[in-house]
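Every chain is numbered from 1 and lettered A, B, ... according to where its sequence line falls, protein lines coming before strand lines. Predicted, not measured: the structure shown is a model, and the values here were computed from it.
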Amino acid sequence: MNDNILDIEHLNVSFKTFEGEFAAVRDVSLSLALDESIGIIGESGCGKSTLAYSIMRYVASNAVVEGAIKFKGENLLEKSEQEMSSFRGNRIAMVYQNPSSSLNPALTIGFQLDEVGIFHQKLSKEKARKASLEALKMMNIGDPKGIVRRYPHQISGGIQQRICIAMAILCRPDLMILDEPTTALDVTTEAIILDSINKLREKLHMSLIYISHDMGVINKVSDQVVVMYNGEIVEQGPKEKIFEHPFHPYSRALINCMPRGGIVKENTRLNTIPGYVKRRGIIESGCPYADRCDQHTPTCESMLMFRQVDNLHYASCDRAYAKDGEELVIKKRTPRKRIPKHIEETEDNEPLLEILNLNKVYGSLRKVYAVNDISVSVKSGTVLGIVGESGCGKSTTGHMVSGLFKPTKGKILFEGKDISIAWNKRSAETLKDIQLIFQNPGRSLNPSHTVEQIIARPMKRLSKINSAAERRKLIVSLLNKVDLGEEYLLKKPNQLSGGEQQRVAIARALSISPKLIVCDEPTSALDVSVQASVLNLLNDLQIDTQITYLFISHDLNVINYLSDTIMVMYAGKICEFGTRDEVMAPPYHPYTEALLSAIPEVDPTKKKDPIRLEGSLPNPGKKQKGCPFASRCPRKVGAICSNVYPPMVKLSDSHYYYCHIKPGPKQD
Amino acid sequence: TGEKEAVTQEKQIRIAEQVPNLITPGVWDGQTFSLNSSIYEYLVEINPDTKELVPVLATSWSTTDGKRWEFKLRQGVTFQDGSAFDSADVKYTIERTQDETIGHLKKQDFAVVSSIETPDKFTVILNLKEARPTFIYLMTDYNMPMLSSDYDYANLGESKPMGTGPFILQQMIPKESAVLVKNANYWAPGLPKVDKLLIYFVPDIDASVSMLEAGKVDVVPFITPVIKQRLESIGGISVISPYQEHRFVAMAENMKPFDDNRVRLALKYAMDPQIIAKSVTQMDLGKGSNYNETPLLNTLSQYKEMPLRGQDIAKAKALLSEAGYPNGVTVELYFASDHPFGKELAQTIKELAAPAGFTINLKGYPRDVYLTQYWLNVPFCITGWGGRIDPSMLLAYAFKSTGPWNESHMNNAKVDELINKISAEVNDAKRNEYYHELQDIFYEEGTVLNVQVPYLVAISDKVVGYKQPLTMLPQYKYTDIK
Amino acid sequence: MKYLWYQMKKHPLSFFGIAIIVIWVILALFGPSMLSFSFTEMDSTNQMIAPGHAGHLFGTDSLGRDILSRIVYGSRSILTVALMTSIISTCIGVILGFMAGYFGGNIDFIFLRVMDVLMAIPPLVLAMVVLGILGDSSIVSLTLIVSIAFVPATARVSRGVLLTEKSHEYVSAARIRGESNLYIMFVEILPNTTGPIIVEATARFAYSIMMVASLGFLGVGLQPPTPDWGMMVIENKAIISQAPWAVLFPALAIASLVIAISIFSDFVSKVLIHER
Amino acid sequence: MNRTASIFLKRLGSLLVTLVIMSLIIFLLVEIMPGDVAQMILGQSATPEAVHALREARGLNDPVMIRYFRWVTGVIRGDLGDSIYMQGVSINSILWRKVGHSLILALTAFIIFVPLSIVLGVLAGVKKEKPTDSIISFLGLATMALPEFVSGVFLITIFGVQLKWLPIVSIIPIGESLFENLNILLLPALSITFVMFGYVSRMQRSSMIQVLDSDYVRAAILKGMPRRYVIFRHALKNALLPTITIIGMNIGWLFGGLVVVETLFGFPGMGSLLMTAIKTRDVPLIEACVLLITVIYSLSTMITDMLYSYLNPRIRFAGGQK
Ligand SMILES: Nc1ncnc2c1ncn2[C@@H]1O[C@H](COP(=O)(O)OP(=O)(O)OP(=O)(O)O)[C@@H](O)[C@H]1O
Ligand SMILES: Nc1ncnc2c1ncn2[C@@H]1O[C@H](COP(=O)(O)OP(=O)(O)OP(=O)(O)O)[C@@H](O)[C@H]1O
Ligand SMILES: [Mg+2]
Ligand SMILES: [Mg+2]
């Protein structure tokens, strides 16, 4: 017929559940040529994984699959389970999101690699082992001979994922499916893995389906992009086309709601998509995006055919931006200007929060040095962004400020008052003044309390508002402030979407008008569209009330967007501190530099060479003598780095970093 | 094969009985009989058929006034450890009753002994403080076997019992089993008839019976009437009842509500002896179980036949309201729940008394708790008493105003006097008259219901000559196996 | 409600279990008044008669007592004791387990050690020894001792559930607004742990019945004449060949109730935990 | 390995603590018991002097703590004391034989129920929600909380009374050993098996389902490994781990069950010995039995723990992420 590797024709996957049957994948048709790489993008719950597993013929027992999946002309849906075994892992391989749970904890890495060769290629044990070592080498894993003898738990997450990929390429498959393989990893690790995937493609000539909700990642590894929404493909085409001229309102919204490319709060407001993904029953028809679309018309109720926009570029919307010229598209993509509100002169203000030589050591037998000697001060009405890799002590710092733990050493001064004590010793006044917003809104709201109870409780306790009626009035106004209506009062958290939950959490924090809010990754658990609205909300509130934020995130784009000053942390220490513009522009601390370079760029025209950071964070169980970054630093000066703690390099009044490298132009 | 033959030729009787508590003579409470009665021997024993005294270690005995008792001992008897039996051993055995460190159960009874003379090796003379015409019966008591004056019973009595009996303890696995072998040097020619006694200690009577049914044991003593019924249908097994025991339902004479004789009578009128017999023992009245209102067993020669008081609820009610309880009376009945027939009897009484207006709450406790904490202090209780050939001792213990175990708190001068007369009277006919007089008093104003329950033994038909008199001691030396 | 129906339809066995439990509860509540014999009434002319004769539906035992009425009355005591036991042990277990898990540190350490000690002796042996030694078991002492014997298990479950819940940030949120520990434990956390705790309590219910029956069987359970199913089995075991019904019916009663409750508890756990 | 050793030491320490506390609890418990041991021994006709004399002779009149220390020092020297009824007959001579019997009984039950419940549990897990699973799960549910004596009574009725295949009393004939009478083990062992089967098979089923649901099993299937191979090589090892713990923890139940079963069948083991001891208030014997059950149970959980940590590479090779 053709020389496509994969042809998916009118694939429908629906799940039977207690609430009835709903479609997770609807009428999806897709073709993949040899050596082609397709990226599938879409928000959580859009059916990306379901599609991928359908190709592997691995679906839940309550799933109904219809249509055809042709792999080199053979319809996989007609294969028996036994026949499928010879495809899986052999001709089609798959890598999933969570490397640590995808490896069997009871078997050695070597065993798990070898069995693939032994089964599919009928290799002897020795030959299989040789092949495994080779695959590991191909993934640039140091000491493969040592690795094969280990058990998964003895290996870090990044390497685990590389082992999974090595396992997938053992049989040189024709098609490899990667389902968000880097979502659980740090940006620096992600950069390395994306890099090696690209190299593999060059070497092995295989087709690739890469699933992600991050456009930057897709941009890096794919030629073609498929945008999925609620089980349907809404747009499909070459990545340049999609990223530069998104056609479908959803693609456009998705691309525009990300803070990126130097967008900062002063000049832009992020685009948002109202509402959330609603499951659709199998009989419902029409455009799945209709209920959230700003271009919505009555005719959207009946589904439209795929429409060719351009050569190889298809979309399932005919009117939205169809008539827009190219300029208009670009213009629409650019975030709207926001009314700039000047920040009050805080220069001569006393700092609201002052942290002096803060230390936190967890545990007594097995010590974890989470935060080591941090000093920083935050001025009233500003936003301090804290950024760094997972485990570098960001949350710990935030939690000590909000009183969840008592610092091991050092002082926290709030309005000059020493608050380096735990919550149970703090005065009601202090508790009221400092609020904390958590990463996971689903877990930070008590699932058995109603929204009203959740917001009312701190008011009753800390603001001593004892009249229920008064409280309710305040709550309603708070809910309005966070764009929720009165009808939410009696709902419980599990009846709310993630974004709504986070809004309730924000409303709770605001309910007692605190002076400082510690935001611990408030958007990392949310979809980009929701993230945008939450960021907008936080920003608006900050402007309105002149509240001070301690904003924690691992996403440099988000930090860049929202912060006035930025603190880059590494292994419990400050690497670099300064105002946003100072930190984001050279000269950098080598770590900041690496971090910046690792962020996948959405703009397909811009090419970046990430600085590869091998290895991982130093063992938090040991006290570091020298520069904590020395073990991974690409610009290490010498032994001095690992032996002597680097001095502070002060670039301006507000900007400094700790490094042995003298400031000045980059020496290479 | 030669060995195997020898084994099959060996005659043995296998017995399953309860797990023994103490087995040292003097402190033994009489739970397991086969072991002790086969290892030890007494001066005299009772022939279960004729109920007459049979000489054993004493060949003859005599008294003139009931105060001086002379025993002639059997010659040529040796203990199982090889030492000879003589008058010193008898003296030792009787003096041992007074040993404070032992707490001999017969101490009270032998307090009457003022001196012991041993004029020669085979004569013993006991001098009593007062006349005891029935003193000889004490020598049949299960706690009075003849012991060797040289043996350390204090330390070996439990683990290595030793006497002059027909069987020698060969092996004992505590709480599990014991093996007794024939005493080759036994004095009586031709006895014992079997070579071995194998005794299993089985806590659960039901398991014992299953073993009997399966042919794994030959004798199971102390079975319940229910099991008797079960075994009746099985060929090759018979159930015999060598004797009966008392269950006294005692009403305290000095405590409410039984301080009023009308209440006691009301309870008596509420009882239906037929039902009691049937419910408690599964037997018809008079056929293995009995009932009367006096402290005497119906089966004794001393007992005078008395009319049964028929159940008369109306009369009972009338008596109760006369006594000031027109709306009935509530009383608690205490008993040992782990003692045979205790539960059944308590429940039956509760049921029967209910229509007459008695609300009886049952208070069952383990035997030691019952005995230490409630018995003798409560208005209403059930106690088990072993039968005695000579009932006078029981009367002195339980119904005299000064009796140590006067559970019904009787304080009746006439009763006291009669009991004294009975124990001192030499003339049998005269003594029986006193007994009858006593019975009349009990019938009119007595404080007990005397329910007599059978002691039942299940025996394989292969076993012949099983003998067990009212002393409760089985006489395995006469027993043979086919 | 609708969800419950859906689950019940998915697990048809649950109908069976629930039906049997309902029957037993109704029998326990109203059964005695519907019976023609009292449980202590001794029909001396009809001892050990077979089921169906002389109006004795399940026959009589060796004392001529009606087996059916004894079983029906027995359901009262066993259900009461089992219900009370599961409630009491769950309450104590929740309080202890919550305290230990919540405060952690030394309190938790001591708690775990004590539980280790108590867990080192099987609950049945513990209850048996204590009841055997005390000698006098009433409904109250039986309930208390069985409850105590179960506490280590319930406390450990509660502690585990609390630890999972405690890692949720709403607990931290409550802390930093200065809530008291008791408030956090019982107002914030408790409502979210009802699922596993109820499941544990229903499982305890089945085990209580097992235990009460076993204690009755061992002769350290309730005192006669209170009819106790386990005691009925051992009492009548001697007549198993003459009157098997006297043993089999109480045994069947225990079996049916225990199986029904197990099915129910399994169903509850499916509804409350697994399929959420 | 080092880790296993440290677990061993830790468990040993806690075992000792457990034993000390347990012994104290038992001792105090016996102390508060109503009634009087001496009275119990001597019975209804006992004289007060006799009771006192016996108390004196058995050292019952000494203060609690003295008696406790006397007992503890004895136990440490391996002397469990004398049975209260048998002066000069040491508990050691009574107990160990019965313990041996009980262990053989437990082992027999073990040999029956462990493979049976694991195989059926795995089968049910693999055939989740199929008829096979429904039947096995129902059996598990039905037997899980069924008291041993109920299943025992059913077994007796069927195999003993009706079919007459097996002895309904498990008594060892005098002069013979348990090994010559292995048929008496069968019914008691089956009664225990019932309950244990319920527990273990259900646990095995759910851990199997959980493992089959895990990412790594999915990964293995998507690697193209045949289903059977995945079940045996990938799933089973992980699914067995929790079962090992469950079996270890249920040794406690097993010993509770032994008391019931041994009483039901008259089996001469530790359980029926304990029951006799309780009924006769043989205090030193009660103490010794309970202490021994504690030791056996603690040892078995300790061994389970170590086995678990040995089989689980996560614990065996617990080290940094390097
Ligand atoms: N076995 C199942 N039964 C019922 N619903 C299911 C099942 N598996 C997945 N779903 C639902 O199908 C929808 C699509 O899921 P899918 O995992 O394919 O989304 P996704 O795009 O991969 O999302 P994410 O980015 O969160 O991984 C979701 O709403 C999910 O809850
Ligand atoms: N309660 C705790 N006990 C022991 N160690 C802890 C505890 N909480 C955090 N840690 C350790 O302290 C270090 C810093 O943790 P922290 O949560 O502050 O990092 P983070 O920067 O917020 O990481 P992430 O981005 O993953 O949230 C990590 O090594 C972590 O494992
Ligand atoms: Mg997914
Ligand atoms: Mg964090």
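- Within the model, atoms CZ of A/R88 and CG of D/L222 stand 6.0 Å from one another, a figure rounded to the nearest 0.5 Å.
- D/Y229 and A/E115 share a donor-acceptor pair across their side chains, judged by distance under 3.5 Å alone.
- Minimum interatomic distance between D/M225 and A/S85 (heavy atoms only, all atoms of both residues): O-OG, 4.3 Å.
- By the neighbour-count criterion of 12 heavy atoms within 6.0 Å, atom NZ of A/K79 is densely surrounded, having more than that number from other residues, nucleotides or ligands.
- Contact count against chain A (heavy-atom pairs under 4.5 Å) is highest for D/A219 among D/A220, D/A219, D/A235, D/S214.
- Most heavy-atom pairs under 4.5 Å with chain D: of the set A/H120, A/M94, A/M167, this distinction falls to A/H120.
- Around the NZ atom of A/K145, the shell of radius 6.0 Å holds no more than 12 heavy atoms that belong to other residues, nucleotides or ligands.
- Test A/S100, A/S101, A/S102 against D/D215 for side-chain hydrogen bond (donor to acceptor under 3.5 Å, both in side chains) and you get one pass: A/S101.
- Proximity to chain A (any heavy atom under 4.5 Å) is shown, for D/L241, by neither the backbone nor the side chain.
- For the pair A/F119/D/P226, a side-chain contact is recorded, criterion being any heavy-atom separation below 4.5 Å from C-beta on.
- For A/F87, no part lies under 4.5 angstrom from a heavy atom of chain D.
- Looking at D/R227, there are no atoms closer than 4.5 Å to chain A (heavy atoms on both sides), in backbone or side chain.
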Please lay out, stage by stage, how A/Y96 and D/R218 fare under the test side-chain hydrogen bond (donor to acceptor under 3.5 Å, both in side chains).
-> CA-CA 10 Å; A/Y96 345 83; D/R218 182 184 63 184; 5.4 Å; no
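- Looking at A/A106, both its backbone and its side chain come within 4.5 Å of chain D, counting heavy atoms on both sides.
- Few gaps surround CE on A/M56; more than 12 heavy atoms of other groups in view lie less than 6.0 Å from it.
- Of the inter-residue distances, the one linking D/R233 atom CZ with A/N104 atom CG reads 10.0 Å to the nearest 0.5 angstrom.
- Both the backbone and the side chain of A/Q112 come within contact range of chain D, each with at least one heavy atom under 4.5 Å from a heavy atom of that chain.
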